[in-house]
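One structure is given below, encoded as structure tokens.
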Number of protein chains: 2
Amino acid sequence: MYKRYCKLQVLYYFCGMKKNRSDCPISCSLDVFGDKWSLLIIRDIMLRGKLSYSEFLKSEEKIATNILVNRLNILESENILSKSVSPDNKSKFVYSLTKKGIDLLPIVIEIMDWGAKYNENCPRREIGKKIQVDKSKVISDYLDKLTEEFG
Amino acid sequence: MYKRYCKLQVLYYFCGMKKNRSDCPISCSLDVFGDKWSLLIIRDIMLRGKLSYSEFLKSEEKIATNILVNRLNILESENILSKSVSPDNKSKFVYSLTKKGIDLLPIVIEIMDWGAKYNENCPRREIGKKIQVDKSKVISDYLDKLTEEFG
DNA sequence: TTAAGTTATTGCATTTTGCAAGTTCTGCAA
DNA sequence: TTGCAGAACTTGCAAAATGCAATAACTTAA
């Protein structure tokens, strides 16, 4: 029963919501991931090795289950994530980044760097420190890693 | 009368809303500008030479007046924008980017590049084409320009 | 066929957004 | 000094999105 609902949700997304506010690339991008949750899901899968609904749910920001389902559907509809049955556990789904999703990496890295620079209460972890030393190397290294893993 | 209200809005922002969802720098950044409008205001001032309330209001995405006031207050409270009387027209305010605001440039550029790459209906303008050729040069050129203008 | 793990839905309260209309403020010119 | 026009801001209401807690559906393996 809820599969049908899920498909409806995707359908609504494509039918009703496809109106971009303008043809500005920044505006169009924000139409897709301009909210407080989408890029955190991307972060989890991109930098923290999380792959499944239940793992995303455990993140410290405490996303609600309905919001998570909704965002996963949108990101899948937009071809940023793709969903498949886990090879390890056949009753489980795993999400992977498409090329389009992997290409969000520089945005995520820049946001992380800015956030760490201007928030005293945000400690830089390994990756944050590496970014300070050589940001473009971090990006190209992760790009290779993600391409190997998902691409 | 509305000046007092404006100060109240800022007060509410500082008192009530200062709860970051986590100490992750990405999450903290999104707590500030993770919505569909804030970065469009930044874009207008950063790349389009817009400086005032009435100019922001004219952008093609058609932000509502109450949302615009709210976001300007937040961005000012967060020390991303600063507000002053226009030297040209004393009955007018102009906003300028702080250092913290200028440092959003790489994020904005990366979002623009991604958006142009994955939206056929988003034509690349001059800056979009320059980004394809040499992104880091575009960033450093604009950084110089913005620093001279605002910094 | 049932238990355990995983994913999805629902209903309701709260918050945010969108929209349209109106208000206040400021400087300037008559 | 008054009135006007441009600019900035507020308000009220409807609509949409979010947050929360409880529940339901699905899948596989035993």
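All of these numbers come straight from a predicted model, not from anything done at the bench. Note on naming: letters A, B, ... go to the chains in the order of the sequence lines (proteins, then strands), and numbering restarts at 1 for each one.
Across C:dG27, D:dT18, C:dT6, the shortest atom-to-atom separation from the side chain of A:Lys92 is found for C:dT6. Distance from the side chain of B:Ala64 is smallest for C:dC19 among the nucleotides C:dC19, D:dA7, D:dT18. Ranking C:dA8, D:dG19, D:dT18 by closeness to the A:Arg71 side chain, first place goes to D:dT18. Nearest to the side chain of A:Asn66, among D:dA8, D:dG19, D:dT10, sits D:dG19. Candidate nucleotides D:dA7, D:dA21, D:dC9 were compared by shortest atom distance to the side chain of A:Thr65, and D:dA21 ranks first. When distances are taken from the side chain of A:Tyr53 to each of D:dC9, C:dA8, C:dT10, the shortest belongs to C:dA8. For A:Ser54, the side-chain atoms get nearest to C:dT7 when compared with the rest of D:dG19, C:dT7, C:dG27.
Across the protein-nucleic acid pair, A:Glu61 atom CD and D:dC20 atom P stand 13 Å apart, rounded to whole Å. Protein atom CZ of A:Phe56 is 9 Å distant from nucleotide atom P of C:dT7, rounded to whole Å. Computed from coordinates, the B:Ile67 CD1 to C:dA20 P distance equals 14 Å when rounded to whole Å. Regarding A:Leu68, its CG atom lies at a distance of 17 Å from the P atom of C:dT10, rounded to whole Å. In this structure, the CG atom of B:Leu57 is 15 Å from the P atom of C:dA21, given to the nearest Å. Residue B:Lys19 contributes atom NZ, which lies 11 Å from atom C1' of C:dT15 at whole-angstrom precision. The CD1 atom of A:Ile63 sits 10 Å away from the P atom of D:dT18 (whole-angstrom rounding). Separating the CG atom of B:Leu81 from the C1' atom of D:dA8 is a distance of 16 Å, rounded to the nearest angstrom.
Of the charged side-chain nitrogens involved, at least one lies within less than 4.0 Å of a carboxylate oxygen, so that A:Lys117 and B:Asp103 count as a salt-bridged pair. Between A:Lys58 and A:Asp44, none of the side-chain N atoms (NZ, or NE/NH1/NH2) sits under 4.0 Å from a carboxylate O, so this pair counts as no salt bridge. Under 4.0 Å is where a charged nitrogen must lie from a carboxylate oxygen, and between A:Arg124 and A:Asp113 at least one such pair does.
In this structure, A:Phe56 has its ring center no closer than 6.0 Å to that of A:Trp37.
Annotation: of the two residues near DNA chain C, A:Tyr95 and B:Lys90, the 5′-most nearest-nucleotide partner is A:Tyr95.
Between B:Leu30 and A:Asp35, the closest heavy-atom pair is CD2-O, 4.4 Å.
Applying the 4.0 Å criterion to OP1 and OP2 of D:dA17, one finds that A:Trp37 has every side-chain N and O outside that range. One finds a side-chain N or O of A:Lys83 lying less than 4.0 angstrom from the OP1 or OP2 phosphate oxygen of C:dA8.
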